[in-house]
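Reading through the structure tokens given below for one structure.
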Amino acid sequence: MADAVSYPRIYLTWDNVAFYKRWCTPDEWAEKIADLNIRYVEASADNEHDPLFMGQDYFHAWIGQVRDAERRHDIRVANLYSGHGTYSTLGMTHPDARVRENMMNNWFYPMVEAAGELGCGMGFFAHAFPHRVLQSQATYSEYVDLLVEQLVQLNRHAGEVGCRELGLEQMYTPHQYPWRINDTRELLRRVTQESGRNFYFTEDVGHHQRKFQRPSEGQYLTTPYPDLWLGSDKAFALARERGISAWPSIEEDMDKNPQLFASAKDCDCYQWLSELGCYSPIIHLQQTDGQTSAHISFTEKTNAWGIINPLKVLSALKASYDRPIDPGMPDRCTDIYLTLELYSGTASIIEQDWVGFEESARYWRNAIPEDGLPLDELVARLSAKA
């Protein structure tokens with residue numbers, strides 16, 4: 001007889017990046033999030049706690065301010081997260097070891113130590129592969145190994161300082177690894193086994209697009225240059241110089257560079273959730289058409305054309321738990337934080353954004369009426385309403 005499936009508890013969470021440069025102290029953003037009827041917070045480094053910008057004294061003082069804000073507003077910081085500052089650098093996979101060491105010692109270690117003090121988890125994306133790395137499958141593999149080496153080191157340190165679940169966000173372009181389902185699965189397996197500690201990832205439902213799939217001959221012959229993804233610089237040079245007659249040589253080059261192309265399943269957030277969702281303690285929510293990652297609110301207008309809805313998200317997530325156990329992978333998550341990661345532009349009329357935030361919070365709170373409910377119970381409730 002098969003063992004009963006153990007489904008995770010689900011928590012509705014808000015990423016405070018929505019308030020950056022507006023409500024910036026822990027007391028301010030905690031109050032705003034509590035006003036949205038949300039009690040769990042993802043604290044983005046962009047909202048004034050990036051150790052490279054804040055300085056050591058303020059960074060440690062910020063932890064005390066968070067604890068005070070949690071008590072005052074009855075909220076809890078569930079996870080810390082990296083922001084645009086680290087997203088914009090080669091970071092962990094910089095070709096110069098001095099930069100990698102600086103990132104590890106002066107950004108990553110302070111962040112996971114802060115997470116340890118707060119008793120929370122942490123997610124991040126803080127690397128990229130230089131363009132030249134994409135031009136060779138062998139070099140690409142070397143940089144994957146370099147990334148794994150860094151992640152193993154970080155995951156071990158996170159465990160030593162009491163950081164809860166640690167995870168890397170998946171992305172959607174070849175230079176932002178991991179960006180495909182099988183790559184992500186293998187990365188989690190390797191880091192977990194080599195570090196001796198569970199290592200996870202963050203699924204962002206807007207991080208999927210069909211742009212980087214391998215083209216067919218028919219697509220190449222009918223799509224004007226350079227509007228089609230061909231992979232390597234060599235392939236694009238062939239197309240530029242020889243036009244449609246270059247196809248056989250381009251196809252040969254694509255065969256040599258499989259690292260540059262996604263499959264159809266890699267372009268579908270629901271496929272990601274159904275295959276790997278059980279290893280994603282943080283799931284970033286945004287409304288999207290499946291082609292862009294604009295971190296748009298969930299309003300009546302956007303929900304009419306957007307592809308993200310609670311029943312589909314939770315059902316796909318449940319499917320990942322209904323699969324057989326995959327040996328060698330990290331333990332399946334027992335708690336998952338569905339995290340609204342919505343943006344507010346610098347030139348936005350904040351009142352307009354706030355209306356969208358309120359509507360988004362109500363929309364998802366209707367699906368998750370109480371934090372900590374089991375996933376299967378939520379799916380059953382929503383299915384009964386459908």
Side-chain angles (χ1 to χ4, degrees), residues 84 86-96 125-144 146-147 168-184 187 203-272 284 286-296 305-308 343 345:
H84 282 95
T86 49
Y87 179 88
S88 64
T89 176
L90 294 177
M92 289 186 112
T93 51
H94 196 285
D96 193 312
F125 190 86
H127 70 275
F129 294 172
H131 184 73
R132 66 171 178 81
V133 172
L134 276 60
Q135 310 311 312
S136 160
Q137 185 179 16
T139 307
Y140 197 89
S141 295
E142 290 174 5
Y143 268 70
V144 171
L146 175 61
L147 175 62
L168 175 66
E169 189 163 18
Q170 47 74 237
M171 288 291 167
Y172 44 98
T173 68
H175 73 291
Q176 295 180 302
Y177 188 95
W179 65 295
R180 301 178 297 190
I181 290 175
N182 290 341
D183 293 336
T184 303
L187 180 73
E203 159 65 15
D204 187 312
V205 298
H207 284 185
H208 309 284
Q209 54 180 262
R210 293 185 285 273
K211 181 184 294 186
F212 298 102
Q213 293 184 79
R214 178 167 170 160
S216 66
E217 181 178 8
Q219 289 173 311
Y220 178 72
L221 296 179
T222 57
T223 305
Y225 168 84
D227 295 343
L228 190 67
W229 175 244
L230 301 177
S232 73
D233 288 349
K234 179 181 179 181
F236 277 102
L238 288 166
R240 183 172 58 250
E241 295 165 5
R242 293 164 47 188
I244 61 174
S245 67
W247 174 252
S249 297
I250 290 173
E251 192 170 33
E252 181 181 348
D253 187 74
M254 289 193 295
D255 288 341
K256 295 177 180 178
N257 290 290
Q259 75 279 2
L260 301 181
F261 300 100
S263 67
K265 74 173 187 176
D266 297 315
C267 308
D268 182 351
C269 71
Y270 293 113
Q271 191 67 37
W272 279 80
H284 283 163
Q286 55 170 303
Q287 192 53 283
T288 176
D289 61 0
Q291 297 295 308
T292 59
S293 179
H295 294 267
I296 294 170
W305 54 256
I307 66 170
I308 306 303
Y343 287 175

Sub-4.5 Å side-chain heavy-atom contact between [X] and [Y]:
X      : Y      : result
Trp229 : Leu260 : yes
Ser249 : Arg242 : yes
Lys234 : Asn257 : no

Test item: [X] side-chain N/O and [Y] main-chain N/O as donor-acceptor pair under 3.5 Å:
X      : Y      : result
Thr93  : Ala128 : yes
Tyr172 : Ser293 : no
Asp268 : Ala264 : no
Arg214 : Pro258 : no
Gln259 : Leu134 : yes
Gln287 : Ile308 : yes
Trp179 : Gln170 : no
Gln135 : His131 : yes
Gln209 : Thr292 : no

Could you tell me which non-hydrogen atom of [X] sits nearest to which non-hydrogen atom of [Y], and how far apart they are?
X      : Y      : answer
Ala262 : Arg180 : CA-CD, 4.0 Å
Asp253 : Ala235 : OD2-CB, 3.7 Å
Pro226 : Phe236 : O-CE2, 4.4 Å
Asp266 : Trp272 : O-NE1, 2.9 Å
Phe129 : Leu90  : C-CD2, 4.3 Å
Leu230 : Tyr220 : CD2-CD1, 4.0 Å

What distance separates [X] [atom1] from [Y] [atom2], expressed to the nearest 0.5 Å?
X      : Y      : atom1 : atom2 : answer
Met254 : Glu252 : CE    : CD    : 11.0 Å
Glu142 : Leu147 : CD    : CG    : 14.0 Å
Thr89  : His94  : OG1   : NE2   : 6.0 Å
Asp227 : Gln219 : CG    : CD    : 12.5 Å
Leu168 : Met92  : CG    : CE    : 8.0 Å
Asp255 : Gln137 : CG    : CD    : 10.5 Å

**OP:** List the steps and the verdict of side chain to side chain donor-acceptor pair (under 3.5 Å) for His284 and Glu169.
**Re:** CA-CA 9 Å; His284 283 163; Glu169 189 163 18; 3.0 Å; yes

Original post:
Do other residues, nucleotides or ligands put more than 12 heavy atoms under 6.0 Å from the NZ atom of Lys265?
Top reply: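 Count over threshold, so yes.
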
**OP:** Check whether more than 12 heavy atoms from other residues, nucleotides or ligands sit under 6.0 Å from atom CG of Leu228, and answer yes or no.
**Re:** yes

Original post:
Between His207 and Phe125, is the gap from one ring center to the other below 6.0 Å?
Top reply: no

Original post:
Passes side chain to side chain contact (heavy atoms under 4.5 Å, CB included), Glu203 versus Thr184? Steps please.
Top reply: CA-CA 10 Å; Glu203 159 65 15; Thr184 303; over 6 Å; no

Subject >> side chain to side chain contact (heavy atoms under 4.5 Å, CB included) between Ile296 and Thr288, intermediate numbers included >> reply: CA-CA 7 Å; Ile296 294 170; Thr288 176; over 6 Å; no

**OP:** Would you mind checking if Asp233 and Arg240 are paired as a salt bridge, meaning a charged N to carboxylate O distance below 4.0 Å?
**Re:**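 Answer for the salt bridge query: no.
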
Subject >> Tyr143 vs His175, side chain to side chain contact (heavy atoms under 4.5 Å, CB included): CA-CA, chis, key distance, verdict >> reply: CA-CA 10 Å; Tyr143 268 70; His175 73 291; over 6 Å; no

